[in-house]
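Below: one structure, written as structure tokens.
Numbering of residues begins at 1 and proceeds along the displayed sequence.
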Amino acid sequence: MITRRPHRLGFTLREIVLSLSISSTVMMLSTGMIRQAFSWSKVGQQRTHDDQICYLLSTELRSHLHLAREVTLVPDTDASSTRVTLQLGDDNKVTYDVDSNRIVMKQWQSGTISRRNDYEWRVPRDPDLTYDESTGEFRLRLSTATPLGHRKTRLPHPESIPVAAVQTSTAGRVTSPTNGTDRQQDRTDSSTRIETPVWRTIQAITGLRLRYQRAEIGS
């Protein structure tokens, strides 16, 4: 007599464990890819935002530098920020407060603030200011501040020091163009840090438009 085996109505324990393992692996891979995609999207938005801010800053800074009669640099007491003062007229001046998170522009008219713009970075930037008095070239270098790469120079802080008195080298030393002596500067910490590449550079010739208006130079 032939007997028939009953049909199975479910899955074995081995099949269930195998299917759960495959499903969990696929879900982990998918979650990692989605998280990475969101991370790259955030980085792209930060780069686009900082590029737009840098473009607006460079346009306004160059316009003020071309009209500047005098450029003065006033470092902060703790060297965390630096104020650049551009004298445009007798009662008209523009100040730029530069630090790693933002640059604040204030336009002064007769001792009062008539206009203000804040240029804030999504990613911290390490500013480096230099000015050549002989050629009138002003330069602002912005580097990305990271844990492995960071550049921070510290300037002496009298009440008012011209930008022309300071030249910053890549070795983290300050050289005076008058006597050529080097002064070792205090660093943010005692650890050795890697020099980061320059992210953006803004440079212009001070008083260029004034000299053109006075017919001292041609078009």
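A salt bridge between D51 and R200 is present, with a side-chain N of the basic residue lying under 4.0 Å from a carboxylate O of the acidic one.
Between the CD atom of E137 and the OG1 atom of T206 there is a distance of 9.5 Å, given to the nearest 0.5 Å. Taking CG of L65 as the reference point, atom CD of E60 lies at 11.0 Å (rounded to 0.5 Å). Distance CG/L61 to OH/Y119: 8.5 Å, rounded to 0.5 Å. With rounding to the nearest 0.5 Å, the separation of CD in Q87 from CG in L67 is 12.5 Å. Interatomic distance, CH2 of W121 versus CD of Q46, reported as 13.5 Å (0.5 Å rounding). Atom CG of L13 and atom CZ of F11 lie 13.0 Å apart (nearest 0.5 Å).
A side-chain donor-acceptor contact under 3.5 Å links S114 to the backbone of Q107. Distance alone, capped at 3.5 Å, places no donor-acceptor pair between the S63 side chain and the T59 backbone. Checking side-chain atoms of D50 against main-chain N and O of R122 turns up a donor-acceptor pair under 3.5 Å.
Closest approach of I53 to E120, counting heavy atoms only: CG1-O, 3.9 Å. Scanning all heavy atoms of the two residues, the minimum distance from P127 to D99 falls at CG-O, 3.9 Å.
For W108, there are no ring pair (Phe, Tyr, Trp, His ring centres under 6.0 Å) partners two or more places apart in sequence or in a different chain.
Judged by distance alone, the side chains of S100 and R125 never bring a donor and an acceptor atom under 3.5 Å apart.
When side chains are defined from C-beta on, Y131 does not count as touching L73, because their heavy atoms never get closer than 4.5 Å. Side chains of I202 and F138 form no contact here, defined as non-hydrogen atoms less than 4.5 Å apart.
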Item to check | side-chain contact (heavy atoms from CB on, under 4.5 Å) between L140 and I103, worked out | outcome: CA-CA 11 Å; L140 170 60; I103 297 178; 4.1 Å; yes

Next on the checklist: Apply side-chain contact (heavy atoms from CB on, under 4.5 Å) to residues N92 and Q109 and explain how you reach the verdict.
Outcome noted: CA-CA 5 Å; N92 187 11; Q109 188 72 31; 3.5 Å; yes

Checklist entry - Taking it one step at a time, do S81 and D97 satisfy side-chain contact (heavy atoms from CB on, under 4.5 Å)? => result CA-CA 7 Å; S81 64; D97 296 324; 5.8 Å; no

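With respect to Y96, the side chain to side chain donor-acceptor pair (under 3.5 Å) criterion is satisfied by exactly one of H64, K106, R83: H64.
Cluster note: I34 groups with F38 through ILVMFWY side-chain heavy atoms spaced under 4.5 Å, whether in direct contact or through intervening members.
Among pairs with a residue in residues 16-35, none fulfils side chain to side chain donor-acceptor pair (under 3.5 Å), at least two apart in sequence or across chains.
Following chains of ILVMFWY side-chain contacts shorter than 4.5 Å, one cannot reach V123 starting from V43, and the two form parts of different hydrophobic clusters. The cluster map of Ile, Leu, Val, Met, Phe, Trp and Tyr, joined by side-chain heavy atoms under 4.5 Å apart, puts V104 and V74 in different clusters.
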